[in-house]
Structure formats: structure tokens, C-alpha cells
Amino acid sequence: MTTAPEHSPTMARSSVADRLAPYAPLILVPVLAIAGLIAVQNPASWLTLTVSGLAMGMMIFLMASGLTLVFGLMDVINFGHGAFVSVGAFIGISVLLTLGHLTNAPSLGLNLLAILAAVLAAMAATAVMGWAFERVIVKPVYGNHLSQILVTMGGLIIAEQLIIVLWGPEEIYFTRPEALKGALTFGDAAIEKYRLVTVGVGLAVFAAMRFVLRRTKIGLIVRAGVQNGEMVAALGYRLRLVFIGVFIAGSALAGLGGVMWGLYQEVITAHMGNQAMILIFIVVIIGGLGSVEGCFIGALLVGLLQNYIAFVEPKLALVSNIALMVAILMWRPMGMIPVVKAK
């Protein structure tokens, strides 16, 4: 009878690179900002571009955050997500145009009250639209990605045509509320007031989503459903209702993003949601499926990079986001902070 070989366990110390790897995505935004400062070489211009890029990134995050949860939890490729952006923009701006006595007042409080009313109307309308969209269009094609692409794209086209029927085919131009016009100056840097508001709204929504997902029971169910939906259902939770709730919430957030995006551009069109879908999908992919944090970081990277590149070398601005996506996926093929494996 032979004796068992002696075994003396050893503890291998992780390298610095291994210990820092989980936090690597968090430092990409400040690294990009520093690189932008080096490339721009003008602190005043850099500050203006940085705030503009953060504002743009926040709006992209508002539009994309709902889609990343739908993609991760429900495994649904929803090309119709842009319809909620367009509808939210048109409803929100229509409300603002009817509240001219508030938007034309020099009071910041009254202006923000008008925007709040527009946002609530847009979110309510797109939430109802999202419920109907999921019931009628998405539900029959669960589990079939090709069919999802085709029918949701069809839903987007129908929504665009309905917008044209209701509001007309022409672009609608408007101006921002009175107190949000113009810019604040810091030395030689000029920062638009509206962009500061946008950054604040984006941070507030991100904080709220993170709190709900991390600190509440419904957030726990959603996160567990993203990672292992079958186990959540086996524990007795009605995951189907969670699916519908997430889809409705994602649609409402897209409506919010549509209003903010419309105010950013000061013009709305029936096709604006479709045009924004390129940036939205880039952010969802590089952030990682089902990851709100990854979506947030990805949106900031897209916004900052596009502004810096457009200033330094305008001809490269059109391909900067694709190049960013390629670089991120070569580094982390499943995105920066993936929650679920690609299905």
C-alpha cells in the first residue's frame, strides 16, 4: 500500500495587472480625457469639448440604457428601439411648444418645470408604446434573432410613418427654454448651459438605475434574471412580468433620451431615432450585455472621443466610434463589463 504524496498548498500572488484588470474600464474615461488635452493643446477648448462630450455621452446613455437591459435580460435584438426615441422627442417637444409661457419666461425654475412636464409626457407615452410593442411585435418572435431583427425593424418603419402622418414630413425647428440659452464662461472656455443640465440629468438617471438594480428586491430579480433566468423562474418569481416591466422601463428611458436629444439639436425629425441607433448599438456592444455600468462608460467614451476627433481631425470623426468599438472588442471580446455571455 503506497502512501499518499505529501501536498503542501502554495499561494500564488496575483500580478498587479491581474488585480487591476476588473477596474481597467473605469480609468478609460479619465485616460481619454487626458489624451484629449494633449491632442487639443488648448485648456479652454479642451474644457468646452469635454463638457460637450460628456453631455452627448449622457444623452446616448439615456437612450441606450434601456436597450442594454432588454438585450441582456430578454435576449431580444430590438431594432425598433429608435422608434421610442423619435416618438418621445415629438411628444416632448410638442408639449414644450404648447407651454410657451413657461419656456419663454426668464425664470430657470419655470423653464425646468416645462421640461419636466415634457419629459413626463414623453416617458408615459413611450412606456405605453413599449408595452404594446412587446405584446404585439416582440412576443411572437422570442428566441428567433433573425425574426426579431425583421419585425422590430418593421415596427420602426411603421412608427416613423405614423409620426409623419401626425406631425408632417417636415423637420420641426425650435429653440431651447429662455434660461437655458447661451453659455457660461470660465476664462476663455464657453460651456452651454443646457449641456450642464444634460450632464446632471444623465448622472441622476445613472445613480437611480444603479440604486434600483443594486439595492432593491426588483433589482436583485432583474440581475439574477440576466445571469440565470431559468433559476429565477424555478424559485417562483414571475420572470415574464419582469421582462415586460424592463421593456416598458427601457422604452420610457428612450423617450426621455429623445426629448433631451431633441433639445440638444434644436430640431427633430421622424428618422432621428433610426439615426441614433448606430451610436446606441455601439454603446451596448462595447459596454457588455446587460451592464448598466458598462453602458454608462461606453457612452461617455463615445461622446468624448467623437468631440475630440472632430476638433483635431474632422475627417476621422465619422469612423472614430467604429474604431473605438473594434479596439474595445479586440481587448475584451464580450465588452468592457459583461453581465451575461453572448447567446
Novice: If we ignore hydrogens and angles and just use 3.5 Å, is the side chain of His81 paired with the main-chain N or O of Ala64 as donor and acceptor?
Specialist: no
Novice: Once you round to the nearest 0.5 Å, how far does CG of Leu304 lie from CG of Leu28?
Specialist: 11.5 Å
Novice: Does Arg210 come within less than 4.0 Å of Glu293, counting only side-chain N to carboxylate O?
Specialist: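 Salt bridge flag = yes for Glu293 with Arg210.
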Novice: May I ask you to test the Phe133-Thr152 pair for a side-chain heavy-atom distance under 4.5 Å?
Specialist: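 Result yes, sub-4.5 Å side-chain heavy-atom pair found.
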Novice: For a side-chain contact (heavy atoms from CB on, under 4.5 Å) check, start with the C-alpha distance between Thr198 and Leu54, then their side-chain angles and the critical distance, and finish with the verdict.
Specialist: CA-CA 9 Å; Thr198 303; Leu54 291 175; over 6 Å; no
Novice: Do you know which two heavy atoms are closest between Val283 and Cys295, and how far apart they sit?
Specialist: CG1-O, 3.3 Å
Novice: Does atom CZ of Arg215 have more than 12 heavy-atom neighbours, drawn from other residues, nucleotides or ligands, at distances under 6.0 Å?
Specialist: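 It does not: Arg215 CZ has 12 such atoms or fewer within range.
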Novice: Is there a side-chain contact (heavy atoms from CB on, under 4.5 Å) between Leu146 and Asn144 once you walk through the steps?
Specialist: CA-CA 6 Å; Leu146 179 59; Asn144 190 330; 3.9 Å; yes
Novice: Are any non-hydrogen side-chain atoms of Phe247 and Asn78 less than 4.5 angstrom apart?
Specialist: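 Yes, side chains in contact.
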Novice: Applying a strict under-4.5 Å side-chain criterion to I, L, V, M, F, W and Y, I'd like to know whether Leu329 and Leu301 cluster together.
Specialist: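 Yes, one cluster joins them.
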Novice: Treating Ile, Leu, Val, Met, Phe, Trp and Tyr as nodes and any side-chain heavy-atom pair under 4.5 angstrom as an edge, say whether Phe296 and Val31 lie in one connected cluster.
Specialist: no
Novice: Indicate yes or no: at least one non-hydrogen side-chain atom of Ile93 is less than 4.5 angstrom from one of Leu97.
Specialist: yes
Novice: Quick one: do Glu266 and Lys181 make a salt bridge, cutoff under 4.0 Å?
Specialist: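 Between Lys181 and Glu266 there is no salt bridge, as every charged N stays at least 4.0 Å from the carboxylate O atoms.
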Novice: Okay, side chain of Glu134, backbone of Ile244: is any donor-acceptor separation there less than 3.5 Å?
Specialist: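 Such a contact is absent between Glu134 side chain and Ile244 backbone.
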Novice: If you measure from CD1 on Ile297 to CG on Leu26, what distance do you get to the nearest 0.5 Å?
Specialist: 4.5 Å
Novice: Under 3.5 Å, is there a donor-acceptor pair between the Asn321 and Gln306 side chains?
Specialist: yes
Novice: Does Leu316, at its CG atom, have more than 12 non-hydrogen atoms belonging to other residues, nucleotides or ligands within less than 6.0 Å?
Specialist: yes
Novice: Taking C-beta and beyond as the side chain, do Asn274 and Ser86 meet within less than 4.5 Å on heavy atoms?
Specialist: no
Novice: For Met336, does its backbone N or O pair with a side-chain atom of Arg332 as donor and acceptor, under 3.5 Å?
Specialist: yes
Novice: Are the side chains of Ile268 and Tyr173 in touch, meaning some heavy atoms are under 4.5 Å apart?
Specialist: no
Novice: Roughly how far, to the nearest 0.5 Å, is CG of Leu62 from CE of Met209?
Specialist: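 It is 9.5 Å, given to the nearest 0.5 Å.
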Novice: Minimum heavy-atom separation for Val40 to Ser45, with atom names?
Specialist: CG1-CB, 3.9 Å
Novice: Where is the tightest heavy-atom contact between Leu253 and Ser65, given as atom of each residue plus distance?
Specialist: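 Taking Leu253 first and Ser65 second, the nearest heavy atoms are CD1-OG, 3.5 Å.
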Novice: Is the shortest heavy-atom distance from the side chain of Phe79 to the side chain of Leu150 under 4.5 Å?
Specialist: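 Counting from C-beta outward, Phe79 and Leu150 never come under 4.5 Å.
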Novice: Is there a donor-acceptor pair closer than 3.5 Å between any side-chain N or O of Arg176 and the backbone N or O of Leu263?
Specialist: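 Pair found, side chain donor or acceptor close to backbone of Leu263.
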Novice: Could you pull out the closest heavy-atom pair between Ala189 and Leu47, with the gap in Å?
Specialist: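 Looking at all heavy atoms of both residues, the closest pair is CB-CD2, 3.8 Å.
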Novice: Should the pair Tyr264 and Trp261 be assigned to parallel (<30°), tilted (30 to 60°) or perpendicular (>60°) ring geometry?
Specialist: parallel
Novice: Do Leu156 and Phe84 touch side chain to side chain, with heavy atoms closer than 4.5 Å?
Specialist: no
Novice: Could you grab the distance from atom CE of Met63 to atom CE of Met260, nearest 0.5 Å is fine?
Specialist: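 Met63 atom CE to Met260 atom CE measures 10.5 Å (nearest 0.5 Å).
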Novice: In sequence, state the C-alpha distance, the side-chain angles, and the governing distance for Val302 and Ile286, and then conclude on side-chain contact (heavy atoms from CB on, under 4.5 Å).
Specialist: CA-CA 10 Å; Val302 167; Ile286 67 177; 4.3 Å; yes
Novice: Do Ile115 and Leu180 make a side-chain contact, defined as non-hydrogen atoms from C-beta onward lying under 4.5 Å apart?
Specialist: yes
Novice: Looking at every non-hydrogen atom in both residues, tell me the closest pair between Leu67 and Val284 and how far apart they are.
Specialist: CD2-CG2, 4.2 Å
Novice: Check for a donor-acceptor pair, side chain of Thr103 on one end and backbone N or O of Asn111 on the other, with a separation under 3.5 Å.
Specialist: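 Between the backbone of Asn111 and the side chain of Thr103 there is no qualifying donor-acceptor contact (under 3.5 Å).
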Novice: Side-chain heavy atoms under 4.5 angstrom apart, residues restricted to Ile, Leu, Val, Met, Phe, Trp, Tyr: same cluster for Leu162 and Met153?
Specialist: no
Novice: Would you check, one step at a time, whether the test side chain to side chain donor-acceptor pair (under 3.5 Å) holds for Ser320 with Tyr308?
Specialist: CA-CA 10 Å; Ser320 62; Tyr308 292 148; over 6 Å; no
Novice: Taking it one step at a time, do Val51 and Leu196 satisfy side-chain contact (heavy atoms from CB on, under 4.5 Å)?
Specialist: CA-CA 7 Å; Val51 174; Leu196 292 175; 4.0 Å; yes
Novice: Using the six-membered ring wherever Trp is involved, compare the ring planes of Phe281 and Phe71 and label them parallel, tilted or perpendicular (cut-offs 30° and 60°).
Specialist: perpendicular
Novice: State whether the side chain of Thr48 and the backbone N or O of Ala190 hold a donor-acceptor pair below 3.5 Å, judged by distance alone.
Specialist: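 Yes; judged by distance alone, with no hydrogens or angles, the pair exists.
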Novice: Can you tell me how far the CD1 atom of Ile164 sits from the OG1 atom of Thr269, to the nearest 0.5 Å?
Specialist: 9.0 Å
Novice: Should we say atom CZ of Arg238 is surrounded by more than 12 heavy atoms from elsewhere, each under 6.0 Å from it?
Specialist: no
Novice: Flag yes if Leu37 and Leu305 sit in one hydrophobic cluster, no otherwise; membership is Ile, Leu, Val, Met, Phe, Trp, Tyr, and two members link when side-chain heavy atoms are under 4.5 Å apart.
Specialist: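 Yes, it is one cluster - the side chains of Leu37 and Leu305 are joined through contacts under 4.5 Å.
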Novice: Shortest non-hydrogen contact from Gln148 to Val141?
Specialist: NE2-O, 3.1 Å
Novice: Is the backbone N or O of Gly288 less than 3.5 Å from a side-chain atom of Ser291, with the two atoms forming a donor-acceptor pair by type?
Specialist: no
Novice: Between NE2 of His271 and CD of Glu171, what distance do you get to the nearest 0.5 Å?
Specialist: 9.5 Å
Novice: Trp167 and Ser94: side-chain donor and acceptor closer than 3.5 Å?
Specialist: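 Yes.
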Novice: Hydrophobic clustering (ILVMFWY, side-chain heavy atoms < 4.5 Å, transitive) - are Leu49 and Ile34 grouped together?
Specialist: no
Novice: Is it true that Lys193 and Glu178 have a side-chain N and a carboxylate O under 4.0 angstrom from each other?
Specialist: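 Looking at Lys193 and Glu178, the cut-off is not met.
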Novice: Quick check: does any side chain N or O of Thr126 sit under 3.5 Å from a backbone N or O of Met129, one acting as donor and the other as acceptor?
Specialist: no
